[in-house]
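Some notes on the structure that comes next.
When a ligand or atom number is given, it counts from 1 through the structure's own listing order. Only heavy atoms go into these numbers, but all of them, side chains included; no hydrogens, no water, no symmetry mates.
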Amino acid sequence: MNRTLGVCYYPEHWPEDQWAEDAAQMVATGLTWVRIGEFGWSRMEPTPGHFTWDWLDRAIDVLGGAGLKIILGTPTATPPRWMVDKHPDMLAVDAQGHPRKFGSRRHYDFSHLGYREECRRIAEIMGKRYGENPHIAAWQIDNEYDCHDTTLSYSDAARKGFQDWLAQKYQSPDALNRAWGNVFWSMEYDSFDQIDLPNLTVTEPNHPHQLAFQRYSSDQVVAFNKVQADVLRRHSDAPLIHNYMGRITTFDHWKVGADLDIASWDSYPIGFLSDRLEGTPEFKQAFLRQGHPDMQAFHHDLYRAVGKGRLWVMEQQPGPVNWAPYNPAPLPGMARLWAWEAFAHGAETVCYFRWRQAPFAQEQMHAGLLRPDSAPAPALAEARQVADEIADLPNAGTARSQAALVFDYESAWAWNAQPQGADFEMFRLAFAAYGALRRAGLNVDILPPDVADLSDYKLVLAPGIMRLSDPLRAALGRFEGIALIGPRSDTKTDELAIPTPLGPDLPGLDISVTLTESMPPADAIPLTEGGTFRHWFEHLEGNAPVLAKTASGQPAIMGSDHLRYLAGWPDPDTFDMIVSATCAELGLTTTKLPDGLRVRDTDTHRFYFNYTTAPLTWEGTTIPAAGVHWEPLT
Ligand code: GAL
């Protein structure tokens, strides 16, 4: 696999006489790719049906002529002002019922079929015009689905679409009433057009109602993306990509990914730490200028799978961002470390965001590779260094992992509707499990919930999976490694009801969750062998062997040699103990990495990433502060 670097560029932001120099400097920096176009609709079609492609034609010529490969974005995340005049009801509506107005971006409703058709139209025109252009080597469809909380919209378009979707799924109001348990609180409906969106109710709406609305809304993202994918495929052989985000679970990325060729994501490690991740003040201070040591890796592993093996980073943080509560600069070395970490996790390409810092508008405080005055910003030299290094290092594939984690978006929606404990969230639980695997030095693959074959893996974790899919249940029945299911797994029906007999339904095992507790952060349930459960604890009954107990004698893990159920949410040290003990049974070598150090093996090399502010020596190898080190695998 050929590793390459790129950058995001906005020719429409700069005088045309600057383009050639910019392109030459990109090439001199060792960049291969340039992404353009994704916010340019007002310059492509200034008034309805009147196109001005000349500037884009010339930009493509200049950039492509300089030797860069172009990723051309469809501009559908930024409909121009006239679009809103043409389709006044295309604006998304927030949960409080307020329209989300023009004046920033992503002001569209995924359910609005008129806007969807406008997007098909512009994608088709772009496909026809540029589909065979030799410089266009990839396409990006739209930009960051769900950015600024835009998956869910409580609009008229959404209500009508939802009612149709319900009618197709349930066929009769009676069937829906039964499936949702609407006899409770007299919530029964006589017709589908009585069913409103699940917002502005007096207290919480029925959970299956919320889950159905999430499923419907996710389907709209999938359909919105597919319309553009289908039309571009007719005109271009170049790969189709979307740039996903970190910690976004509002739509099913597995399903969007099925219609695309490559999954990319936008990696802002320092912004995420400040804005989007839990952690003690001490932890956040320790990693303030480096980011959480597992956040990037988790998403690389997730999106590598969503991309069916093909992963890119479409936007890589180069310096301070503008959008987090606090926006410190990365430590020197991090712009290089993050790129190498992506490559070690299988990324083909890493593009920095953006080429030159814009001196105007919303993101003027967001760094680029160049300063607004065109002088180099600190990350430029790091990008140059990575470009030199990738040229020297042999191509290497992604090593197969021995550990895997199942990740399911529907479960995230289910637990959002029914958290039961204030801090129960799917991403958080999955990320906790992932962190334990990574701290043990394991390579990890992330698997979709309908995975049918686990035979490549020795250890599989499936926490928080609302209901095991039939293929996964069957695969677990055949599994020869050790699978640890739970907590909170396979204890619901597809409609978020409690099944009888009680779940989980694990092949060959008699285990039931008979009672569930959630606990505030200060509480803990100690285990006999040391360690604690926090947040969540399920009381287990059944004839299956009890493999670990709480201090008060309740089952903590039950199951067999190959399949087990974990009754609680282990704190980090306990997760580490469970992973290392389970791996020891499997004969799988683990380690306990020092805080902030992570390793990752490719086919040919072991990579070490030091997320701390001091050099670290581990097993005879010294890794510089905020540094990366690699060695051939022997
Ligand atoms: C991303 C987005 C970019 C830019 C960037 C700033 O979310 O795709 O357009 O806004 O963040 O960090």
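Defined by atom type and a distance below 3.5 Å, a donor-acceptor pair is missing between the side-chain atoms of Y352 and R354. Between the side chains of Y130 and D57, at least one donor-acceptor pair of N or O atoms lies under 3.5 Å. Of the N and O atoms on the side chains of D142 and H242, not one donor lies less than 3.5 Å from an acceptor on the other residue. Side-chain N/O atoms of W139 and S236 include a donor and acceptor closer than 3.5 Å.
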Can you list, pair by pair, the side-chain donor-acceptor contacts under 3.5 Å of residues 319-331, counting residues two or more places apart and other chains?
from : atom 1 : to   : atom 2 : distance (Å)
N322 : ND2    : Q362 : O      : 3.4
N327 : OD1    : A324 : N      : 3.2
N327 : ND2    : A324 : O      : 3.0

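A heavy-atom cutoff of 4.0 Å around ligand 1 is satisfied by the protein residues F39, R105, N143, E144, D266, Y268, E315, W323, F353, E363, H366.
Residues A297 and H345 approach most closely at CB-CE1, 3.5 Å, considering heavy atoms.
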